[in-house]
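Right, one structure below, let's go through it.
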Amino acid sequence: MEKIATMKARSAKNKGKRLQNLVRDKLIEMYPDLEGDIASQIMGVTGEDIVLTPHAKKLIPYSFECKNVEKLNVWKSFQQCKTNSGKRTPILVIKKNRETPKIVMELDEWLNIIKTKK
């Protein structure tokens, strides 16, 4: 039984890591000059899931928390994201099997983003 539980935990961590890597890769695709400035956090380490250097933080003022699970307490996960975000805008990236990733953020922050696109 312990071996099965360990395998399931490892599989869940791998799912989470895949989502982190996807977000990292998409950010690097948008900002190719920042390739060495954007990294995926090591699993199990407290803090943001996407690690940005100070230089990258100037261009990407967001803090990312990634959750790749079938059932999710969005409120608790977003609070974790806010706690880790410091002065940057928290972005919760969520995904489950057979679905594309989605983001959760505060409405006013989203409105500020689309307002600047006008």
Side-chain angles (χ1 to χ4, degrees):
M1 286 299 252
E2 280 184 44
K3 189 173 186 176
I4 291 172
T6 301
M7 288 173 58
K8 284 183 179 182
R10 191 175 311 136
S11 177
K13 284 185 177 186
N14 288 338
K15 266 179 74 170
K17 189 64 171 178
R18 282 194 303 275
L19 181 57
Q20 286 181 0
N21 289 341
L22 175 70
V23 172
R24 178 204 60 208
D25 293 346
K26 295 248 182 217
L27 289 170
I28 291 170
E29 192 176 298
M30 288 181 65
Y31 299 92
D33 293 345
L34 296 179
E35 185 168 358
D37 296 297
I38 303 170
S40 178
Q41 182 61 273
I42 298 168
M43 295 307 291
V45 173
T46 303
E48 300 167 291
D49 287 340
I50 304 299
V51 180
L52 304 174
T53 65
H55 175 64
K57 286 178 183 179
K58 290 177 186 174
L59 298 170
I60 306 170
Y62 305 103
S63 175
F64 300 92
E65 179 69 32
C66 302
K67 299 288 185 186
N68 193 354
V69 295
E70 295 307 296
K71 293 184 180 181
L72 176 70
N73 181 331
V74 174
W75 307 109
K76 182 178 176 183
S77 297
F78 192 75
Q79 184 57 50
Q80 177 187 1
C81 187
K82 283 176 66 171
T83 299
N84 293 332
S85 67
K87 294 181 180 179
R88 292 180 297 128
T89 301
I91 305 286
L92 175 62
V93 183
I94 60 174
K95 184 181 179 326
K96 68 180 195 172
N97 291 343
R98 294 174 292 287
E99 291 287 338
T100 59
K102 314 290 190 272
I103 65 163
V104 177
M105 64 186 306
E106 293 181 354
L107 176 63
D108 288 342
E109 292 293 344
W110 179 73
L111 291 171
N112 284 333
I113 291 171
I114 64 169
K115 183 171 102 176
T116 60
K117 299 291 180 187
K118 280 180 28 175

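Residues take their numbers from the sequence shown, with the count starting at 1.
Legend: residues meeting salt bridge (charged side-chain N to carboxylate O under 4.0 Å, His left out) with Lys67, ordered by chain and number and at least two apart, are Glu65. The side-chain hydrogen bond (donor to acceptor under 3.5 Å, both in side chains) test applied to Ser77 returns no partner, not counting sequence neighbours. With sequence neighbours excluded, the residues forming a side-chain contact (heavy atoms from CB on, under 4.5 Å) with Thr53 are Asp37, His55, Ala56, listed by chain and number. The salt bridge (charged side-chain N to carboxylate O under 4.0 Å, His left out) test applied to Lys82 returns Glu106, not counting sequence neighbours. Contacts of Lys76 classified as salt bridge (charged side-chain N to carboxylate O under 4.0 Å, His left out), with partners at least two apart in sequence or in another chain: none. The side-chain hydrogen bond (donor to acceptor under 3.5 Å, both in side chains) search around Thr100 returns Lys102, not counting sequence neighbours. The side-chain hydrogen bond (donor to acceptor under 3.5 Å, both in side chains) check on Glu70 picks up Lys15, Asn97, with sequence neighbours excluded. The side-chain hydrogen bond (donor to acceptor under 3.5 Å, both in side chains) search around Glu48 returns Ser63, Arg88, not counting sequence neighbours.
Linking Ile, Leu, Val, Met, Phe, Trp and Tyr residues whenever their side-chain heavy atoms come within less than 4.5 Å leaves Met30 and Val51 in two separate clusters. Neither Val93 nor Trp75 shares a network with the other; the hydrophobic side chains, linked directly or stepwise wherever heavy atoms of I, L, V, M, F, W or Y lie under 4.5 Å apart, form separate groups for each.
Distance check, rounded to the nearest 0.5 Å: CD1 of Ile103 to CD1 of Ile91 gives 5.0 Å. Taking CE of Met105 as the reference point, atom CG of Leu111 lies at 9.0 Å (rounded to 0.5 Å). The line from CD1 of Ile60 to CG of Leu52 is 5.5 Å long, rounded to the nearest 0.5 Å. Here CG of Leu59 is found 9.0 Å from CD1 of Ile38. Values are rounded to the nearest 0.5 Å. Rounding to the nearest 0.5 angstrom, the gap separating the CG atom in Asn21 from the CZ atom in Arg18 is 9.5 Å. Between atom OG of residue Ser85 and atom CZ of residue Phe64 there is a gap of 11.5 Å, rounded to the nearest 0.5 Å.
Here Phe78 sits in one hydrophobic cluster together with Val69, Leu72, Val74, Leu92, Ile94, Val104; the rule is ILVMFWY side chains under 4.5 Å apart, joined directly or through other members. Hydrophobic clustering, defined by side-chain heavy atoms of Ile, Leu, Val, Met, Phe, Trp and Tyr closer than 4.5 Å, groups Val45 together with Ile42.
Closest non-hydrogen pair, Lys17 versus Ser40, comes out as NZ-OG, 3.2 Å.
Every pair tested for side-chain hydrogen bond (donor to acceptor under 3.5 Å, both in side chains) that includes a residue from residues 25-36 fails, sequence neighbours excluded, so the list is empty. Screening residues 49-58 for salt bridge (Lys or Arg N to Asp or Glu O under 4.0 Å), with sequence neighbours left out, gives no hits.
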